[in-house]
Amino acid sequence: MAQKNNDEQFKNVISHAKEYGFVFQSSEIYDGLSAVYDYGQLGAELKNNIKTYWWKAMVQMHENIVGIDSAIFMHPKVWKASGHVDGFNDPMIDNKDSRKRYRADQLLENKIDELYSELANFSAENKAKFEEFQQEILGLRDEGQASWIPSFKDEEGILESTKYPFVDEASWRFVKKGLALEVEMNLALKSENLAQLKDLIVDYKVICPISKTSNWTDVRQFNLMFSTQFGAMAEGSDEVYLRPETAQGIFVNFLNVQKSGRMKIPFGIAQIGKAFRNEVIARQFIMRMREFEQMEMQFFVRPGEDKKWFEYWKEARLKWHKALGTSPEKYRYHDHVKLAHYANAATDIEFEFPFGFKEVEGIHSRTDFDLTQHQEYSGKKMQYFDNDLNEDGKPYGNYVPYVIETSIGLDRMFLLTMINAFEEQDLSTDDKQDSRTLLRLHPALAPYKVAVFPLTKKDGLPEKAREIMDTLKFDFNCIYEEKDAIGKRYRRQDAVGTPFCITVDHQSLEDNTVTIRHRDSMDQERVSIADLASIVGNAVSWKNLLA
Ligand code: GAP
């Protein structure tokens, strides 16, 4: 089948997800609610299987990690302490003509991409040189050495074009401008200088994609937390937030879990749960939603051992992704140059979606920031007494632990899984045109593990098929189908990723054998009914992913 372009492939995945009951637009009959989605009958199964894979890998495979399920509503002071009330903002700007609202940094990023598009005219060698230089420049900024900026800005002066003798002058001017803008935008964001962001939008002649004008309002901060009313509270304030991350439910329970579970450092607390963000620009299907789910783990460590554990979790989390059989080139790390105020190291695990490499998971070394903040705001000690002996033979004593966080978006992982599994295969032969759509899901993640078909609807075949269903259904999610020709039934199961189809025919009544068809190879073999549970069980076992 002709190679589809990325846009087309992504659209096909979205319509496939709807057609087969994986994902629906929320409140669709009322024209939908923007950036909110519902998981359908197969989506809910796939999502549960992804959760199980994560939970088993993080909690059940680690003796020193336990899981909790904290409430979505939390005391409003939690979000003051965490910094979300004051700092969880996006800088927004409105175009007065189209009345459309944009994230100021995204408008600028689009402009930067436009200027960098001239890199296509560079040789591979010059492109690599430029990228090295870009990293150096952006690194300088983060180390607080921004004094070079004026020289960068003045009259093309930052780089000697002789350093790039093979670069087309005209292209170089654009790329250099892109780099200047990137640096200035990052500085403005870091110092939260909203006026400077507006100046950049004006200076670099950014226009509204709809009105095509540059008639902009000032840039304003827009907090991403949803708030709601919560009856009467003691302090007279009744505004509570829908949590924007699950992590804080772990931090505030740090001592409860440590004491009740007699946990010894290093140890982790994991949870899976909903999070809510009033994303202004929500796009790319379930990539950026207003209501989504996170799978987060906070790993509490001794101060000074944070770097070691950061490296450990960085590697362990990528291994978790790769165990699913995804081709390794589809993944990469993106180390943060610009760090959040609470972090001393951070990296994203990025996946190559049809719209480019994007973050699926973050690994953050959050220092003792959160626990210290909660200690301050609650007045309760958030310390751990470590009676292990240090190099001097004395107990480490009391301290606020450091934290390494792993945080993966369940919905993004779901999208990644669908995109990765989706395949349109051309099965045409010289005599016949044929094709199939296949979800090549890992068997452990597949919504149905087994489909059971009687070849025909009579002669006792449905009864025999039901008998098989009734023995397998305790261990595996099975589906029974007797409608349509067998080939059509196979295709339907291929499209939803069912790894095995079992067909009961007349021979089955005589010798207790059936045909089992394998989804990926389409091979069929005759096996004893007594062996079905072990054939399916071996293929779908979590051991294949976790061992
Ligand atoms: N506790 C840290 C934290 O929340 P984050 O980078 O803001 O960090 C972690 O979010 C993960 O949550 C991201 O890597 C992404 O997979 C997912 N995520 C964040 N915002 C999202 C949104 N609006 N829609 C879907 N997933 C989102």
Side-chain angles (χ1 to χ4, degrees), residues 23 26 33-39 47 50-51 54 58 70 72 74 78-79 81-84 87-90 103 106 222-226 241-252 254 268-299 310 313-314 317-318 320-321 331-336 338-343 345-351 353 355 357-367 369-371 373-374 403-419:
V23 183
S26 159
L33 185 64
S34 167
V36 186
Y37 291 89
D38 297 336
Y39 286 84
K47 204 174 174 202
I50 296 173
K51 284 192 213 181
W54 185 85
M58 300 301 279
S70 72
I72 287 171
M74 300 182 77
V78 167
W79 306 110
S82 69
H84 284 83
F88 196 51
N89 300 315
D90 275 345
R103 259 177 64 178
Q106 276 178 355
F222 179 86
N223 195 290
L224 297 186
M225 283 197 295
F226 284 102
Y241 300 101
L242 297 186
R243 66 181 177 199
E245 62 170 13
T246 59
Q248 296 305 324
I250 293 178
F251 286 122
V252 299
F254 159 69
I269 307 178
Q271 84 165 321
I272 300 176
K274 290 270 186 176
F276 304 83
R277 295 182 190 177
N278 199 1
E279 300 282 2
V280 181
I281 315 266
R283 51 183 177 182
Q284 283 147 345
F285 192 40
I286 54 174
M287 192 70 194
R288 191 168 292 285
M289 301 154 87
R290 298 206 164 96
E291 174 180 341
F292 59 101
E293 225 165 324
Q294 288 185 316
M295 306 193 284
E296 298 200 296
M297 193 274 302
Q298 314 294 320
F299 199 69
F310 176 72
W313 283 110
K314 206 173 143 176
R317 290 306 305 149
L318 189 57
W320 180 91
H321 284 270
Y331 279 108
R332 72 178 186 196
Y333 289 121
H334 173 245
D335 293 329
H336 287 211
K338 181 177 170 224
L339 291 169
H341 57 286
Y342 53 75
T347 201
D348 295 336
I349 293 178
E350 294 187 339
F351 175 77
F353 288 91
F355 37 84
F357 272 99
K358 297 278 174 236
E359 171 189 349
V360 186
E361 171 155 10
I363 294 116
H364 313 122
S365 178
R366 292 181 76 129
T367 66
F369 174 81
D370 301 86
L371 289 180
Q373 286 291 102
H374 287 305
V403 172
I404 309 301
E405 166 182 76
T406 72
S407 175
I408 172 169
L410 175 55
D411 311 86
R412 274 190 204 177
M413 188 60 205
F414 184 101
L415 182 59
L416 177 166
T417 306
M418 289 290 285
I419 285 170

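Every number for a ligand or one of its atoms is a count from 1 in the order of the listing. Everything quoted here is computed from the prediction, not taken from an experiment. As a basis for the values below, the full set of heavy atoms in this structure was taken, side chains included, without hydrogen atoms, waters or symmetry mates.
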Check your understanding: Rounded to the nearest 0.5 Å, how far does CZ of R317 lie from OG of S407?
Key -> 10.0 Å
Review point. With a 4.0 Å cut-off on heavy atoms, is H364 touching ligand 1?
Key: yes
Study note, to complete from the structure: Atoms of ligand 1 under 4.0 Å from any heavy atom of E296, numbered from 1 in the order shown, are 1 (N), 2 (C), 3 (C), 4 (O)
Study note, to complete from the structure: Residue, atom and distance of the protein heavy atom nearest atom 25 (C) of ligand 1 read M287 O, 3.3 Å
Review point. In chain order, what residues pass the ring pair (Phe, Tyr, Trp, His ring centres under 6.0 Å) check against Y39, with sequence neighbours excluded?
Key: F414
**Study point:** Residue among M418, E361, E293, H321 satisfying side-chain contact (heavy atoms from CB on, under 4.5 Å) with M413
**Key:** H321
Check your understanding: Who's the nearest protein heavy-atom neighbour of atom 6 (O) of ligand 1, and how far?
Key -> E359 OE2, 3.2 Å
Check your understanding: Based purely on interatomic distance, does R277 place a nitrogen or oxygen under 3.5 Å from a nitrogen or oxygen of ligand 1?
Key -> yes
Revision key, fill the gap. shortest atom 26 (N) of ligand 1-to-protein heavy-atom contact is with F292 CD1, 3.5 Å
Check your understanding: What orientation do W313 and F299 show, parallel under 30°, tilted 30 to 60°, or perpendicular over 60°?
Key -> perpendicular
Study note, to complete from the structure: Here the gap from L410 atom CG to E296 atom CD, rounded to the nearest 0.5 Å, amounts to 12.0 Å
Review point. At their closest point, which heavy atom of R243 faces which heavy atom of W79, and how far apart are they?
Key: CB-CZ2, 3.4 Å
Exercise for review: Please could you name the atoms of ligand 1 that E361 approaches to less than 4.0 Å, counting only its heavy atoms?
Suggested key: 14 (O)
Review point. Which atoms of ligand 1 have any heavy atom of E245 under 4.0 Å away?
Key: 1 (N), 2 (C), 3 (C), 4 (O)
Exercise for review: Compute the shortest N/O to N/O distance between I408 and ligand 1 and return yes if it is under 3.5 Å, no if not.
Suggested key: no
Review point. For Y342 and ligand 1, does the shortest N/O to N/O distance drop below 3.5 Å?
Key: no
Exercise for review: Check if R366 has a non-hydrogen atom at a distance under 4.0 Å from any atom of ligand 1.
Suggested key: yes
Check your understanding: Do G409 and ligand 1 have an N or O pair less than 3.5 Å apart?
Key -> yes
Point to revise | Qualifying residues under side chain to side chain donor-acceptor pair (under 3.5 Å), relative to H84, sequence neighbours excluded | key: S82
Practice item. Just need the protein heavy atom nearest to atom 24 (N) of ligand 1, so name the residue and atom and give the distance. Key: M289 N, 2.8 Å
Check your understanding: Is it the side chain, the backbone, both or neither of E405 that has a heavy atom closer than 4.0 Å to ligand 1?
Key -> side chain
Practice item. Mark yes or no for whether T347, through its side chain, and H334, through its backbone, hold a donor-acceptor pair below 3.5 Å. Key: yes
Review point. Between K314 and D335, is the closest basic N to carboxylate O distance under 4.0 Å?
Key: yes
Study note, to complete from the structure: closest protein heavy atom to atom 9 (C) of ligand 1 is S407 OG, 3.0 Å
Review point. Are any of the side-chain heavy atoms of N278 and F222 separated by less than 4.5 Å?
Key: yes
Practice item. For the pair R366 and E245, find out whether any cationic side-chain nitrogen is under 4.0 Å from an anionic carboxylate oxygen. Key: yes
Exercise for review: List the closest protein heavy-atom neighbour of atom 12 (O) of ligand 1: residue, atom name, distance to the nearest 0.1 Å.
Suggested key: Q294 NE2, 3.4 Å
Review point. Counting only heavy atoms, which portion of R290 has something under 4.0 Å from ligand 1: side chain, backbone, both, or neither?
Key: neither
Review point. Heavy-atom contacts under 4.0 Å between V360 and ligand 1: side chain, backbone, both, or neither?
Key: backbone
